[in-house]
There are 2 protein chains.
Amino acid sequence: MEDVESWPTGRLLSAAARMVERRFDRFLADLDLTHAGMITLHHLESGPLSQRELARLCRVTDQTMSRTIERLARTGHADRAEDTQDRRRTLVRISVKGTEALVAARAEEKRFEKDLGYDAIRPQLIALIRKQL
Amino acid sequence: MEDVESWPTGRLLSAAARMVERRFDRFLADLDLTHAGMITLHHLESGPLSQRELARLCRVTDQTMSRTIERLARTGHADRAEDTQDRRRTLVRISVKGTEALVAARAEEKRFEKDLGYDAIRPQLIALIRKQL
DNA sequence: GGCGGATGCTCAGCAGGCTGAACAATGGGC
DNA sequence: GCCCATTGTTCAGCCTGCTGAGCATCCGCC
């Protein structure tokens, strides 16, 4: 009925990503969290980081990260502190609420991956990302 | 250096999709076209369609499609016509400029896929999309 | 003929990508 | 010590997702 077969690979990728993300967001909404926020919290787990460092790790621009953090701060999942060494810099820290949400989200993510069983794609996706277009 | 290996599959998918899309957008910008626009034009090739039908085929909401078409009309890649049968409906048609852009974009897409050679992912992506979460 | 639900589209508002530009703080070189 | 390039963040603006609401048209049924 729909010629998914004939879609170019780029479109298949976006469609699949959007589908999975949309599905997962339904759960995250209960935690007052978004996909982008969850990824950011993940990187904050092992200690405070500057926004730039976070952006690099999450693979988004500084500007996008700025807004994501603004949202995390608003919802109380993280907070910002001035870096006393370098006053240009902001240190972002995960909060208790943030840690709890992250744990819950990760558990759900595990269940989700198990249910879907799409592990077979992983190696190819990793290889693709490593190509660093 | 970056533990891509440990990312959950959902994140791998989004990251890969964004990477490919960003790369392809660099080319599309020269055609005054976007990824969403190109997909829409693709479905218009075989004849005019209503916005709702287009949205279904492109797998986006009616609202998103409304804006995409607005943009395509603004750039002259498509135009809207009233459906005389049903005045609620708008018939969207691809223009000559649209057809030309589509042909060019598709050619580039082919080259791109060849260069990257990520065909191996296709079957799994198709299977995933078919699951219709 | 007229009412009410279904259908097709748009508006408003939020989130998250991106680019380009502005702005403050830092720090190296003269 | 001062100037200027670099660095870290933010603002503005655009595009594309989404949801929730609103509005016009259509159509079936009484």
Side-chain angles (χ1 to χ4, degrees), chain A residues 10-11 13-26 28-29 31-40 48-56 58-75 77 80-92 133, chain B residues 10-11 13-29 31-40 48-56 58-75 77 80-92:
Chain A
R11 181 168 174 195
L13 262 175
S14 326
R18 215 147 43 75
M19 212 172 80
V20 170
E21 200 163 325
R22 194 164 54 221
R23 165 63 199 281
F24 196 57
D25 276 347
R26 294 210 293 265
L28 287 178
L31 298 170
D32 209 13
L33 205 57
T34 62
H35 200 232
M38 183 193 156
I39 290 171
T40 306
L49 287 172
S50 75
Q51 297 195 185
R52 172 146 300 172
E53 194 56 20
L54 268 174
R56 197 185 61 76
C58 294
R59 306 200 164 204
V60 297
T61 60
D62 295 343
Q63 297 92 313
T64 296
M65 183 48 67
S66 183
R67 269 187 316 192
T68 301
I69 292 168
E70 194 274 325
R71 196 179 184 285
L72 283 176
R74 193 161 21 112
T75 53
H77 291 103
R80 305 195 223 217
E82 248 189 29
D83 185 328
T84 49
Q85 249 63 48
D86 184 340
R87 288 190 9 257
R88 285 170 305 184
R89 204 174 316 203
T90 305
L91 288 180
V92 186
L133 316 190
Chain B
R11 181 168 175 195
L13 260 175
S14 326
R18 217 147 41 76
M19 212 173 79
V20 169
E21 199 163 326
R22 193 166 54 223
R23 165 62 199 283
F24 196 57
D25 276 347
R26 293 209 294 266
F27 176 82
L28 287 178
L31 297 170
D32 207 14
L33 206 56
T34 62
H35 199 232
M38 185 195 155
I39 289 170
T40 306
L49 287 173
S50 74
Q51 298 196 186
R52 172 145 300 174
E53 194 56 21
L54 268 175
R56 197 185 62 76
C58 294
R59 305 200 163 205
V60 296
T61 58
D62 294 343
Q63 297 93 314
T64 296
M65 183 48 67
S66 181
R67 270 186 316 195
T68 301
I69 291 167
E70 193 277 324
R71 196 182 183 285
L72 284 175
R74 191 162 24 117
T75 53
H77 291 103
R80 304 195 224 217
E82 248 189 28
D83 185 327
T84 48
Q85 250 62 50
D86 184 340
R87 287 187 12 255
R88 287 170 305 182
R89 205 174 315 207
T90 306
L91 287 180
V92 186

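Since we're looking at a predicted model, the values are computed, not measured. Chain A is the first sequence line, chain B the second, and so forth, proteins listed ahead of strands; every chain is numbered from 1.
Remark: A/Leu13 CG to B/Met19 CE distance equals 9.0 Å, nearest 0.5 Å. Atom-to-atom distance recorded for A/Glu70:CD and A/Gln51:CD is 10.5 Å, nearest 0.5 angstrom. In this structure, A/Arg56 CZ and A/Arg52 CZ are separated by 11.5 Å, a value rounded to the nearest 0.5 Å.
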Nucleotide-level pairing of DNA chain D, given in dot-bracket where Watson-Crick and G-U pairs need both distances under 3.5 Å and | marks other strands: ||||||||||||||||||||||||||||||
Close N/O contacts between protein and nucleotides 5-7 of chain C (under 3.5 Å):
{"from": "C/dT7", "atom 1": "O4'", "to": "B/Arg88", "atom 2": "NH1", "distance (Å)": "3.4"}
{"from": "C/dT7", "atom 1": "O2", "to": "B/Arg88", "atom 2": "NH1", "distance (Å)": "3.0"}

Pull out every protein N or O sitting under 3.5 Å from an N or O of nucleotides 20-23 of chain D, one pair per line with the distance.
{"from": "D/dG20", "atom 1": "O6", "to": "B/Gln63", "atom 2": "NE2", "distance (Å)": "2.7"}

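Between B/Glu21 atom CD and D/dT16 atom P there is a gap of 9 Å when expressed in whole angstrom units. Following rounding to the nearest Å, B/Arg74 (CZ) and D/dT16 (C1') show an atom-to-atom distance of 13 Å. Computed from coordinates, the A/Leu72 CG to C/dG16 C1' distance equals 12 Å when rounded to whole Å. The nearest whole Å value for the distance from the CD atom in B/Glu70 to the C1' atom in D/dT16 is 13 Å. One atom, CZ of A/Arg22, and another, P of C/dA15, lie 19 Å apart when rounded to the nearest Å.
Among C/dG16, D/dT16, D/dC18, the nucleotide with an atom closest to any side-chain atom of B/Ala36 is D/dT16. Residue B/Gln51 has its side chain nearest to C/dC9 when only D/dG17, C/dC9, D/dT9 are considered. Relative to the side chain of B/Arg87, the nucleotides D/dG17, D/dT25, D/dT9 differ in distance, and D/dT25 lies closest. Among D/dG17, D/dT9, C/dA15, the nucleotide with an atom closest to any side-chain atom of A/Thr90 is D/dT9.
Checked against side-chain contact (heavy atoms from CB on, under 4.5 Å), A/Gln63 has the following partners two or more places apart in sequence or in another chain: A/Thr61. Remark: B/Asp83 pairs with no residue by the side-chain hydrogen bond (donor to acceptor under 3.5 Å, both in side chains) rule, at least two apart or across chains. Every residue was checked against the salt bridge (charged side-chain N to carboxylate O under 4.0 Å, His left out) condition with B/Asp25, not counting sequence neighbours, and none meets it.
Counting non-hydrogen atoms under 4.0 angstrom, B/Thr61 reaches a base of the nucleic acid. At the heavy-atom level, B/Arg67 lies under 4.0 Å from base atoms of the strands shown.
Comparing A/Thr64 and B/Ile39, the nucleotide of DNA chain D nearest to each residue sits closer to the 5' end for A/Thr64.
Phosphate proximity of D/dC18 to A/Arg18: present, with a side-chain N or O under 4.0 Å from OP1 or OP2. An OP1 or OP2 oxygen of C/dT10 is reached within less than 4.0 angstrom by a side-chain nitrogen or oxygen of B/Ser66. The phosphate of D/dT10 has OP1 or OP2 within less than 4.0 Å of a side-chain N or O from A/Arg80.
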Pair B/Arg18-B/Glu21, salt bridge (Lys or Arg N to Asp or Glu O under 4.0 Å): steps then yes or no: CA-CA 5 Å; B/Arg18 217 147 41 76; B/Glu21 199 163 326; over 6 Å; no
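With A/Thr40 contributing its side chain and A/Ala36 its backbone, the two residues share a donor-acceptor pair below 3.5 Å.
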